[in-house]
Amino acid sequence: MKLSYILHLADDALVLGHRMSEWCGHGPVLEQDIAMTNTALDLLGRARTLYQYAADLYNQMPVEQRAKMFSSVSLQKLDAAGEKAEEDTMPYLRDSWDFKNVLIAEQPNGDWAQSVARSLFVDCFYYYYFDQLQHCTDATIAAVAEKSLKEVTYHLKWSSEWVIRLGDGTDESHEKMQTAINELWSYTGEMFEEADYETSLRDELKLPELAAIKAKWQKHIEEVLEDATMKLPTATWMQKGGKNGMHSEHLGYVLAELQFMQRVYPSMQW
Amino acid sequence: MYSAEQLKVYSLLADVKDPEVPVLSILDLGIVRNVEISDQGGKQNVHVYITPTYSGCPAMDAIAIGIRMALTGRGFGSIQVTHQLQPAWTTDWMTEEGKRKLKEYGIAPPQRKSTEKLALFEEENIACPRCESTDTQLVSRYGPTSCKSLYKCNSCLEPFEHFKCH
């Protein structure tokens with residue numbers, strides 16, 4: 001269960017980081033291209049520490065339990081060969097249904113408005129989430145949260161400012177920003193729904209109460225949208241599934257690019 | 001409080017530079033948390049703990065290699081380098097000497113303490129490292145590396161980097 005939870009945190013960071021890295025060389029101006037890729041690097045760094053931890057936990061599991069964790073043939077082969085999992089194993093050798101990132105993280109970049117709207121929703125969640133998670137009873141998770149909190153503070157300021165700038169900008173930028181917020185809105189609910197692995201670990205690890213996080217999240221989003229002269233979407237139906245491995249088709253394309261080299265040339269290194 | 005062996009390690013670490021800011025040693029930067037020495041059959045094994053400045057800092061791998069290079073061939077046994085995340089690195093750990101070197105190199109050093117409420121946000125009145133003018137403006141909160149932001153001096157019109165308070 002703990003492995004699933006750590007993978008959920010790691011997959012969120014990796015998949016969103018990968019999406020943001022797709023802006024590299026394509027940003028509207030150099031400074032913002034750098035902002036996107038700086039953030040992508042923070043997310044990748046967070047994912048690396050968590051994947052290392054996940055690999056350690058996986059290696060400590062009894063063989064029978066390991067065999068039931070993932071469906072990936074590559075992982076089963078690794079086990080059959082008696083090899084240990086390492087940092088790269090989890091991101092490169094699992095299949096899409098073994099990924100536990102929230103659906104919003106894998107949504108395509110779209111235009112600039114859609115990318116910053118996605119960042120705002122996710123940054124705001126993790127800002128309040130890590131503030132609580134740094135008191136987690138698991139020392140490694142707490143350390144990642146403490147470290148990441150500082151970084152996500154910058155990310156949230158950046159994404160909030162962009163939503164305000166575009167929303168309170170020209171008619172065209174306002175319309176594009178509002179459209180992006182509306183389109184991504186149905187992907188925000190999943191962040192506040194506990195997966196089974198979170199429920200079972202909540203007391204033991206002192207995990208954040210998602211209902212309390214949601215209240216703070218909602219307040220910040222409302223404030224940003226008000227400053228941006230925009231409307232909070234009213235739709236209540238929410239997408240879900242990512243935390244349990246049910247993804248949109250977009251994740252498959254992300255993984256096809258991300259995993260290609262390791263799949264074609266197993267164990268290759270740069 | 002340090003043993004002779006620890007002091008020897010620290011003096012060698014003073015030559016390991018941050019590859020992104022090559023005027024700073026890793027001691028100036030404040031990323032060395034601890035040096036442990038353990039005796040194994042007469043050989044002194046060294047264990048160095050370093051803290052990443054930012055989670056994804058690509059310099060960390062280069063720094064770990066730099067530490068190994070600096071300690072190799074100095075009569076130690078095994079050399080181990082561990083990344084330690086907690087407590088999280090802060091610019092408060094940068095030495096005054098380090099801040100002076102940064103300024104000489106043309107990078108405005110962090111001014112605030114990280115415990116101050118607005119620590120993580122951009123500072124006002126950043127002095128231009130070239131002409132000392134505080135008539136400067138933020139160009140971008142993100143710079144060529146995670147730890148720096150971009151500024152422009154309105155007096156001498158030179159662009160410069162600022163090492164963010166973190």
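Chain identifiers are assigned alphabetically (A, B, ...) following the order of the sequence lines, protein sequences preceding nucleic acid strands; residue numbering begins at 1 within each chain. Only a predicted model underlies this, so the values are computations on that prediction, with no experimental measurement involved.
- Of all heavy-atom pairs between A:L41 and B:P58, the closest is CD2-CD, 3.9 Å.
- Taking the six-membered ring where tryptophan is involved, the planes of A:Y154 and B:H166 are essentially parallel, since the angle between them stays under 30° and well short of 60°.
- Of all the heavy atoms in A:A143 and B:L85, the pair that sits closest is CB-CB, 3.9 Å.
- Side chain of A:K147 to main chain of B:P87: no donor-acceptor pair is present (N/O by atom type, distance under 3.5 Å, no hydrogens or angles).
- Sparse packing is recorded around CD of A:E226, with 12 or fewer heavy atoms of other residues, nucleotides or ligands lying under 6.0 Å away.
- Around the NZ atom of B:K17, the shell of radius 6.0 Å holds more than 12 heavy atoms that belong to other residues, nucleotides or ligands.
- Rounding to the nearest 0.5 angstrom, the gap separating the OG atom in B:S55 from the CG atom in A:D42 is 6.0 Å.
- Within a 6.0 Å sphere centred on CZ of B:R74, other residues, nucleotides and ligands contribute 12 heavy atoms or fewer.
- The local environment of CZ in A:R48 is sparse, with at most 12 non-hydrogen atoms from other residues, nucleotides or ligands closer than 6.0 Å.
- Contact between A:E31 and B:S140 at its shortest, heavy atoms only, is CG-CB, 3.4 Å.
- The 12-atom threshold is exceeded at OH of B:Y10, counting heavy atoms of other residues, nucleotides or ligands nearer than 6.0 Å.
- Dense packing is recorded around NZ of A:K2, with more than 12 heavy atoms of other residues, nucleotides or ligands lying under 6.0 Å away.
- Atom NZ of A:K150 is separated from atom OG1 of B:T90 by 4.5 Å, given to the nearest 0.5 angstrom.
- To the nearest 0.5 Å, atoms OG1 (A:T39) and OH (B:Y142) are separated by 4.0 Å.
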